[in-house]
Amino acid sequence: MRIFIMEDYAAMSRKAAELMAAQILLHPDSVLGLATGSTPVGLYRCLVERFKAGELDFSGVKSVNLDEYLGLPAENSQSYRYFMNRNLFQHVNINMANTHVPDGLTADPEAECVRYDELIRRMGGIDMQLLGIGSNGHIGFNEPADSFPVGAHCVDLAESTIRANARFFPESGQVPRQALTMGIGQIMQARRVLILASGREKKAAVRRAFWGPVTPEVPASILQLHPDLTLVMDRAAAG
Ligand code: PGA
């Protein structure tokens, strides 16, 4: 595991953008596993700046997102498809047909999960998977559980996740209670994993995930077993 401890959120974002830009420059046809939430917003901003400066080309890049709320259409400003379009895709020259997010409006979540697994397999797997970490140690929406789920699946969100995400919704009762997420198996099969953590409220999760036992009660802890893991965090998260 490589660890970078950066001064603050802006420096963390610049470092992460450097690592992702290197991936794209070295492998312009990369499959990127992408994440939403407040943590990667600065990284996406840096990538957009580098694209606008003519330093990056997304035309060959493909993307698969980690997760999506069940029941939210792409046009809903809280959906993760909307987030990706607004924070990254619409500002760079990625082919929208090559960007993938689970379908939150599916009538058949199980079939959608099978489709998503198959899609990732057909794309040849993920070259670089970007992750944030939940304060309960979740990655994607893989919540603390008794075992590590392998493939994409539908989850009931933990109360702590619903509370944490309520800040994005006008009313807390509007946070969906279910989501579709990539499984831990898919994340672990990514060739490289880049995980970011920012802020004091992530300090305990970081400590438990990377300096504690590997356990499904802290889903991110399994990343200790990943052969190519980079953790970039700010001082507040490092503690
Ligand atoms: P955050 O979420 O980036 O909004 O803190 C991270 C996560 O829950 O995975």
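Read the numbers this way: they start at 1 and go in the same order the structure lists the ligands and their atoms.
Within 6.0 Å of CG on Asp108 lie more than 12 heavy atoms contributed by other residues, nucleotides or ligands.
Asp146 is not listed as a side-chain neighbour of Glu217, based on a closest heavy-atom distance of 4.5 Å or more.
Ion pairing between a basic and an acidic side chain is recognised when a charged N comes within 4.0 Å of a carboxylate O; Glu18 and Lys15 show such pairing. With salt bridges taken as basic N to acidic carboxylate O contacts below 4.0 Å, none links Glu49 and Lys52.
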Can you produce the list of protein nitrogen or oxygen atoms under 3.5 Å from a nitrogen or oxygen of ligand 1, alongside each distance?
from     : atom 1 : to     : atom 2 : distance (Å)
ligand 1 : 3 (O)  : Ser38  : N      : 3.2
ligand 1 : 3 (O)  : Thr39  : N      : 2.9
ligand 1 : 3 (O)  : Thr39  : OG1    : 2.4
ligand 1 : 4 (O)  : Ser38  : N      : 2.9
ligand 1 : 4 (O)  : Ser38  : OG     : 3.0
ligand 1 : 4 (O)  : Arg167 : NH2    : 3.0
ligand 1 : 5 (O)  : Lys202 : NZ     : 2.6
ligand 1 : 8 (O)  : His138 : NE2    : 2.6
ligand 1 : 9 (O)  : His138 : NE2    : 3.4

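A centroid separation of 6.0 Å or more is found between the aromatic rings of Phe83 and Phe168. If you look at Phe58 and Phe89, their ring centroids are not closer than 6.0 Å.
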